[in-house]
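Just so it is clear: chains get the letters A, B, ... in the order the sequence lines come, proteins before strands, and each one is counted from 1. What's counted below: heavy atoms across the whole structure, side chains too, no hydrogens, waters or symmetry copies.
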Amino acid sequence: MARRIDYWGVLTRQLISQNPVTLQILGICSALAVTTSLATALTMSVSLTVVLTLSAGIVSVIRHHIPDSIRLIVQIVIVASLVIVIDQVLQAYLPDISRALSVYVGLITTNCLVLGRTEAFARHNPPLPTMVDAFGNGLGYSFILLLLGGIRELFGKGELFGIEVLPLADAGGWFTPLSLMLLAPSAFFLLGLLVWAIRSLRPEQAEAPEYSPPRTATEAAE
Amino acid sequence: MAGRDWNPWRRLLALPNESRTKTVLVAFLVSAICAALVSGATVVLRPIQAANRAAEEQARISALVQGIPGMGALLEQSGGTLSTVVIDLESGRAAGDVTPATLAAALDDPANWTALDPGQDLAGLGQRPDYAQVLLLRNGETVSLLLLPMSGQGYGGRIDAIMALRGDTNTIAGIAVTQHSETPGLGGRIEEAAWQAGFPGTELGDEAGEIRFRVARGAASSPYEVDGITGATRTGRAVTGMVRFWLGSDGYGPLLAAIRREEF
């Protein structure tokens, strides 16, 4: 029974080697939409981590009493309620950022990352390991979001957290902002490059190809 | 074995998860607790959110006024204040018995609303208040700028805006969208300054007095049009309807006529 759980390992493992975004490719929609600046990315990360940790904890506490037939709807109701509360808090205390995040806070409900954690882990484990695991997962998501948000804001506007870092060419500096960085496609490019880089460094993350291309006529003749 | 447990809570927990009673009760309890949580958060935080919205609206009004060329100087000349007047929309005159302070209370009374029939109802509102609060800037005796709040049914919900009209009551001086629920990135772009920059200088109606303003499909091609937003035809149509309704005879028409006759 005295199986010690390596909480630190659970937390750090999910930053790179078990990262929910780059390994499992979950939560992409919001990762693309809210990373135009660091401030929105940070708010979204904190919101998601809070929702994920709390909902995983709650599901874990009542895990022995959730009837199997309605388990998904129970989990979604819990997640959705937490999301609405977070959204209301943001609207009250951070109105500008809440407007910038628009619908994406609400869409945390449908983020497969949250449901994935509650369904796969929280239903079978006691509250503490579950919450550590969910928190680590949230950190992994936040790490990718902040990385994307930082790169996009730095190269798209020459700023970090709204403070000018690279002097802009308009204002006499040398840096011409890359407007593409502020558009959604650039997040796809960056995320794709990131996944490629991580999987090149850690080949064990690469998925086996689902099928191989048919052999061409010349190959067949050899 | 101990005797039967009479504590209903423990009996519920002891039921097998698959039993129908437990399924229904767990579903009910989870929903009830979540509903309480959500309602509680909404009720507790509403005053703060309302204050935020009011501050934002104020900021938008001042940004609108400041953004109109020449307004800053004009404001300083006139003492820097806009006068707030509650208008009786039916007669187009200042409402005698309703002041800005009592306007909210007056609008809580359904008797102060007029139902609109579908033919009149260009903005899709269903009913219209009989009183509205407008802001005026006077230059001596004549009105040089009017700020007219308006609202209409958009694609995703109600759009609230404030339109600034020049003293000739036919030239738009600017618009500020104070609230909307349009699709972010499509219709939601009505809140962007780049789109709103198309409004100043646009004319409302021709010499005959007929309102010809509209949001174009594509680029504006006449003095009565502003550029449309690609992918937001319904939102554009809603803005057209809103402006036409509120500046027409069922909206501020009587007020604008009174200003043109210099009776106001």
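For the residue pair B:Lys22 and A:His64, the shortest heavy atom distance occurs at NZ-O, 4.4 Å.
Ranked by non-hydrogen atom pairs under 4.5 Å with chain A, the options B:Val30, B:Thr42, B:Asn52, B:Val26 are led by B:Asn52.
Atom CZ of A:Phe155 has 12 or fewer neighbouring heavy atoms from other residues, nucleotides or ligands inside a 6.0 Å radius. Within a 6.0 Å radius of OH in B:Tyr155, other residues, nucleotides and ligands contribute 12 heavy atoms or fewer. The number of heavy atoms from other shown groups lying within 6.0 Å of CZ (A:Phe135) does not exceed 12. Open room surrounds CD1 on A:Ile73; 12 or fewer heavy atoms of other groups in view lie less than 6.0 Å from it.
Within the model, atoms CG of B:Leu37 and CD of A:Gln88 stand 11.0 Å from one another, a figure rounded to the nearest 0.5 Å. Taking CD1 of A:Ile76 as the reference point, atom SG of B:Cys34 lies at 12.0 Å (rounded to 0.5 Å).
Residue A:Val89 forms a side chain to side chain contact (heavy atoms under 4.5 Å, CB included) with just one option from B:Ile48, B:Val44, B:Leu45, and that option is B:Leu45.
Contacts between A:Ile70 and chain B at a heavy-atom distance below 4.5 Å involve the side chain alone, from C-beta outward. With a 4.5 Å cut-off on non-hydrogen atoms, A:Ile66 touches chain B through its backbone but not through its side chain.
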